[in-house]
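None of these values were measured; they are calculated from a predicted model. As the structure lists them, so they are numbered: ligands from 1, and atoms in each ligand from 1. Keep in mind that the numbers below use all heavy atoms, side chains included, and drop hydrogens, waters and symmetry copies.
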Amino acid sequence: MTRAGSSGAEMPELDGAGLRIGIISARFNDHVVVPLRDGARRALARTGVADGDITEAWVPGAFELPLAAKALAQTGKVDAVICLGTVIRGDTPHFDYVCNEAARGIQRAQLDTGVPVMFGVLTVDTEQQALDRVEGRVMTNKGEEAAEGAVEMALLLKCLRA
Ligand code: INI
């Protein structure tokens, strides 16, 4: 919640101790997704989420993320789910179908279940753009950002529902 003297727009301090977090990763382009997933785990550890409170699963591609995320959210055993994947534009319309359905499905999974589901899916034109988003030189690792978002949303929803 907004603290006195704060605009509410700053990143709140995140204390993830006691939170249970799911990570669903898409194997397609795993040379990018593994660093995304490692970044997510690093950020969770930094906020105090215990290793034993993290549930991980892998799916074939980004298209399959929503179903697995929804199934995990429905167990009631996680406070948030992080979806990770990488879709690189090729010469076919496949890119648009995969991106659109992953985004739509992930949004639907969180709205249907009430469990925050983070969209940690890179949708880029080139492999270099994908690597820039995980290597930590040009930009922050996007898996770390998704993990921080998961902790923030899990804490916010606990607060709103208390
Ligand atoms: N899945 C991805 O995660 N990234 C991609 O770049 C990709 N491309 O380019 O095709 C991709 N396709 C597979 C898709 O997600 C499904 O696994 C497949 O269509 C089976 O349902």
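- For atom 1 (N) of ligand 1, the nearest non-hydrogen atom of the protein is F28 CG, 3.4 Å.
- Counting protein heavy atoms only, atom 14 (C) of ligand 1 is closest to F63 CB, 3.8 Å.
- Within the set I88, V98, T123, L122, the minimum heavy-atom distance to atom 6 (O) of ligand 1 is found for I88.
- Residue, atom and distance of the protein heavy atom nearest to atom 10 (O) of ligand 1 are H94 CD2, 3.0 Å.
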Fill in: Verdict with reasoning, R20 to D53, per salt bridge (Lys or Arg N to Asp or Glu O under 4.0 Å)
CA-CA 5 Å; R20 302 155 308 158; D53 286 334; over 6 Å; no
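- Residue contact check: A62 has heavy atoms under 4.0 Å from atoms 1 (N), 2 (C), 3 (O), 15 (O) of ligand 1.
- Residues K142 and L36 form a side-chain contact, since some pair of their non-hydrogen atoms from C-beta on lies under 4.5 Å apart.
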Discussion item. If you apply the rule side-chain contact (heavy atoms from CB on, under 4.5 Å), what do you find for V121 with I106, and how did you get there?
Written reply: CA-CA 10 Å; V121 180; I106 286 170; 4.1 Å; yes
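- Here the protein heavy atom with the shortest distance to atom 20 (C) of ligand 1 is E64 OE2, 3.3 Å.
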Practice prompt. Could you check D96 against R89 for salt bridge (Lys or Arg N to Asp or Glu O under 4.0 Å), going step by step and ending with a plain yes or no?
Written response: CA-CA 8 Å; D96 298 303; R89 188 182 290 279; 3.8 Å; yes
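- Heavy-atom contacts of N29 reach the following atoms of ligand 1: 4 (N), 5 (C), 6 (O) (cutoff under 4.0 Å).
- In terms of protein heavy-atom proximity, atom 4 (N) of ligand 1 is closest to T86 O, 2.8 Å.
- Looking at Q129 and I88, their side chains never come closer than 4.5 Å, going by heavy atoms from C-beta outward.
- With rounding to the nearest 0.5 angstrom, the CD atom of E145 is 9.5 Å from the CE atom of M118.
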